[in-house]
Amino acid sequence: MVAITPNAARPNVARPKRVLMIAYHFPPLQGGSGILRTLGFARHLPECGWQPLVLSPSALAYAQRGESQLAQIGAQATVRRTLALDAARHLAIAGRYPRCLALPDRWSSWWLSAVPAGLRMIREYRPDALWSTYPIATAHLIAMTLQKLSGLPWIADQRDPMLDDSDPLAPYPPEARLHRMHAWIEQRIAARSAAIVCTTPGAIAAHQRRLAQLPREHFRLIENGHDDDGGAAPLDGLRGHRSRFLLLHSGVIYPSERDPQPLFEALARLRHDGVLHARNFQLVLRATGHDAWLAGLLAKYGILDLVSLEPLQPHGAALQEMLAADGLLLLQAANCNAQIPAKLYEYLRCRRPILALTDLAGDSAAKLRHCGIDTIGQLASSGDCARALLRFLELARQGRAPLASPAVIALQSRQARSNALADLLDQVSHRSPP
């Protein structure tokens with residue numbers, strides 16, 4: 001156990017409550033919604049009475065880096081960065097590397113530098129709690145080790161599922177060895193954590209089924225959110241005059257979890273019927289992460305004139321593009337019914353019409369309906385994609401598309417999510433260590 005000086009040793013000093021946060025996704029990494037979750041907590045927790053101490057990898061770990069979000073970290077956050085090598089980039093020979101160097105992920109080397117650094121931070125700052133977020137799984141291994149050595153209460157943030165056995169024919173992770181390791185990590189989280197945080201009701205239900213030994217109160221819901229500072233820019237000035245409707249999808253399009261082929265088939269059919277053409281409609285796919293695959297599909301369906309692939313851009317510019325769009329597209333397949341894309345919350349904040357192509361029984365559709373938005377279609381059906389798109393275009397062009405109310409949007413802010421995390425930190429820091 002790490003020796004921590006009790007508060008009584010410094011009776012005249014009001015020591016702030018502190019949380020040591022272990023996160024791979026943090027600036028200067030560029031791209032991915034996980035950055036915004038940790039960054040939002042680091043920015044807003046001081047307003048809730050908690051000082052963040054962030055332990056993250058050095059910039060070398062990140063293939064894509066940008067400086068734009070560094071200034072958002074906030075002066076009250078203490079950040080330490082330690083060496084983490086990407087097995088695929090730094091340890092490969094002729095593009096190949098031993099699989100053992102990438103368990104539980106390609107940044108497993110981070111554990112070697114982060115644990116000693118974390119122990120030094122614990123001795124120096126005497127935090128009241130630990131917090132780590134998945135993915136990357138190595139972050140949980142670091143927190144698990146620090147919890148074992150310090151006895152501090154630990155909150156495990158599961159913003160994505162580590163396991164999914166809902167379909168026996170397509171388990172996640174698909175590789176048996178990695179699946180076993182993830183299962184072991186999840187069981188250790190259950191044994192050592194003070195609380196497990198999930199971002200959707202479906203994810204909590206899945207965790208409760210797998211970890212039935214834990215009481216229901218061990219699981220907490222803290223959804224993703226949106227940045228609410230600065231307000232929305234004037235929409236008319238941003239959009240200007242356009243003769244064609246601009247529909248935007250901002251972010252990664254996964255081949256399985258967000259497969260757009262039924263939508264592409266619908267676009268091809270509507271183009272053939274003369275309903276859509278390059279003069280009245282454009283779909284922009286921004287920062288998909290799979291441009292080569294999508295380019296082949298666009299050629300296959302003959303819709304290159306209707307759909308454009310655009311590169312990654314800084315988060316601020318991405319928000320401005322959302323505000324300028326005529327409509328925003330959300331994709332989420334039925335195999336992700338227990339997940340809600342983080343971009344949904346940014347979409348809500350922008351108060352632009354949203355077309356969601358998803359599964360009607362999933363958490364994404366439920367969230368949108370709860371926010372008063374019913375422009376939703378079944379992603380798995382090209383016919384329903386076409387129906388939903390035509391209805392959406394009609395409503396949006398007439399200014400009648402449903403939007404979330406300002407009151408509903410305020411409830412989805414990162415400030416509100418930080419308040420919830422601070423409440424949970426207050427609770428676990430007053431309990432006995434597990």
Side-chain angles (χ1 to χ4, degrees), residues 21 23 25 33-34 36-38 40-41 129-137 139-140 143-144 147 153-167 171-173 179 182-226 257 330 332-345 348 356 358-371 408 411-414 416-428 431 434:
M21 310 180 75
H25 292 92
S33 59
L36 303 177
R37 183 171 176 86
T38 304
F41 287 146
L130 304 172
W131 177 92
S132 61
T133 185
Y134 170 87
I136 298 293
H140 278 342
M144 186 188 309
Q147 193 285 321
W154 167 36
I155 296 173
D157 187 58
Q158 298 284 68
R159 55 186 174 83
D160 282 333
M162 295 190 73
L163 294 170
D164 185 356
D165 294 321
S166 58
D167 183 353
Y172 175 83
H179 192 281
H182 275 210
W184 178 83
I185 294 173
E186 189 174 76
Q187 288 298 324
R188 299 314 299 158
I189 291 172
R192 304 209 67 91
S193 67
I196 296 174
V197 169
C198 297
T199 59
T200 67
I204 286 184
H207 277 80
Q208 288 174 332
R209 286 192 296 269
R210 290 196 304 271
L211 305 174
Q213 73 272 28
L214 294 176
R216 297 181 67 86
E217 58 268 20
H218 198 89
F219 301 93
R220 301 298 181 93
L221 176 65
I222 302 180
E223 297 179 57
N224 285 308
H226 63 79
E257 296 88 342
L330 190 82
Q332 191 81 331
N335 59 2
C336 289
N337 272 358
Q339 300 178 46
I340 298 175
K343 68 172 63 65
L344 182 149
Y345 301 91
L348 289 173
T358 182
D359 182 66
L360 299 182
D363 281 350
S364 294
K367 182 67 180 181
L368 288 168
R369 288 193 296 265
H370 179 74
C371 294
V408 167
L411 294 174
Q412 320 301 322
S413 71
R414 297 197 189 278
R417 305 307 189 222
S418 297
N419 291 339
L421 178 57
D423 288 343
L424 180 56
L425 286 166
D426 287 337
Q427 294 171 31
V428 303
R431 299 180 196 163

Closest non-hydrogen atoms of His207 and Cys198, given as atom of the first, atom of the second and distance, are ND1-SG, 3.5 Å
Hits for side-chain contact (heavy atoms from CB on, under 4.5 Å) against Asn224, two or more places apart or cross-chain, chain-then-number order -> Arg37, Thr199, Ala342, Tyr345
*With the side chain counted from C-beta on, respond yes when Asn337 and Gln332 share a heavy-atom pair under 4.5 Å apart, and no when they do not.*
no
Separation between CD1 (Ile155) and CD (Gln427), nearest 0.5 Å, reads 9.0 Å
Sub-3.5 Å donor-acceptor pair from the side chain of Arg414 to the main-chain atoms of Gly225, do we have one? yes
Test side chain to side chain donor-acceptor pair (under 3.5 Å), reference His140, set Arg188, Gln158, Glu186, Arg192, output is Gln158
With sequence neighbours left out, the residues meeting side-chain contact (heavy atoms from CB on, under 4.5 Å) with Arg209 are Ala205, Ala206
Give the table of side-chain donor-acceptor pairs shorter than 3.5 Å for residues 364-371, with sequence neighbours excluded, one pair per line with atom names and distance.
{"unit_1": "Ser364", "atom_1": "OG", "unit_2": "Gln339", "atom_2": "O", "d": "3.2"}
{"unit_1": "Lys367", "atom_1": "NZ", "unit_2": "Glu223", "atom_2": "OE1", "d": "3.0"}
{"unit_1": "Lys367", "atom_1": "NZ", "unit_2": "Glu223", "atom_2": "OE2", "d": "3.3"}
{"unit_1": "Lys367", "atom_1": "NZ", "unit_2": "Gln412", "atom_2": "OE1", "d": "2.8"}
{"unit_1": "Arg369", "atom_1": "NH1", "unit_2": "Leu360", "atom_2": "O", "d": "3.2"}
{"unit_1": "Arg369", "atom_1": "NH2", "unit_2": "Leu360", "atom_2": "O", "d": "3.2"}

Report the C-alpha distance between Ile204 and Gln208 in whole Å, list the side-chain angles of each, state the deciding distance to 0.1 Å, and finish with yes or no for side chain to side chain contact (heavy atoms under 4.5 Å, CB included).
CA-CA 6 Å; Ile204 286 184; Gln208 288 174 332; 3.7 Å; yes
Under the side chain to side chain contact (heavy atoms under 4.5 Å, CB included) rule, what do Tyr172 and Asn335 come out as? Steps first, then yes or no, please. CA-CA 11 Å; Tyr172 175 83; Asn335 59 2; over 6 Å; no
With a 4.5 Å heavy-atom cut-off, do Pro153 and Leu130 have their side chains touching?
no
Next on the checklist: Does any part of the side chain of Leu330, heavy atoms only, come nearer than 4.5 Å to the side chain of Pro341, both counted from C-beta?
Outcome noted: yes
- Message: Tell me whether Asp363 contacts the main-chain N or O of Gly202 through its side chain, where contact means a donor paired with an acceptor under 3.5 Å.
- Response: yes
Exercise. Under a 4.5 Å cut-off applied to non-hydrogen side-chain atoms, are Leu36 and His226 in contact?
Worked result: no
Taking the side chain as everything from C-beta on, heavy atoms only, tell me whether Gln147 gets closer than 4.5 Å to Ser193. no
The ring-ring contact (aromatic ring centres under 6.0 Å, His included) partners of His182 (sequence neighbours excluded) come to Tyr134
Between the CD1 atom in Ile189 and the CG atom in Asp157, the distance rounded to the nearest 0.5 Å is 10.0 Å
So, does Thr200 use its side chain to make a donor-acceptor pair with the main chain of Ala338 at under 3.5 Å?
-> yes
Min side-chain heavy-atom separation Leu163-His179 under 4.5 Å: yes
With sequence neighbours left out, the residues meeting side-chain hydrogen bond (donor to acceptor under 3.5 Å, both in side chains) with Asp423 are none
Hits for side-chain hydrogen bond (donor to acceptor under 3.5 Å, both in side chains) against Asp160, two or more places apart or cross-chain, chain-then-number order -> none
Rounded to the nearest 0.5 angstrom, the CG-CZ distance for Leu211 and Phe219 is 5.0 Å
Here the gap from Trp154 atom CH2 to Ile196 atom CD1, rounded to the nearest 0.5 Å, amounts to 8.0 Å
Of all heavy-atom pairs linking Leu221 and Pro201, the shortest is CD1-N, 4.0 Å
When every non-hydrogen atom of Ala190 is compared with those of Gln213, the smallest separation belongs to CB-NE2, 3.8 Å
CZ of Phe41 to CE of Met21, rounded to nearest 0.5 Å, is 6.5 Å
CE (Met144) and CD1 (Ile185) are apart, to the nearest 0.5 Å, by 6.0 Å
Do Trp131 and Leu421 come within less than 4.5 Å of each other through their side chains, counting heavy atoms only?
yes
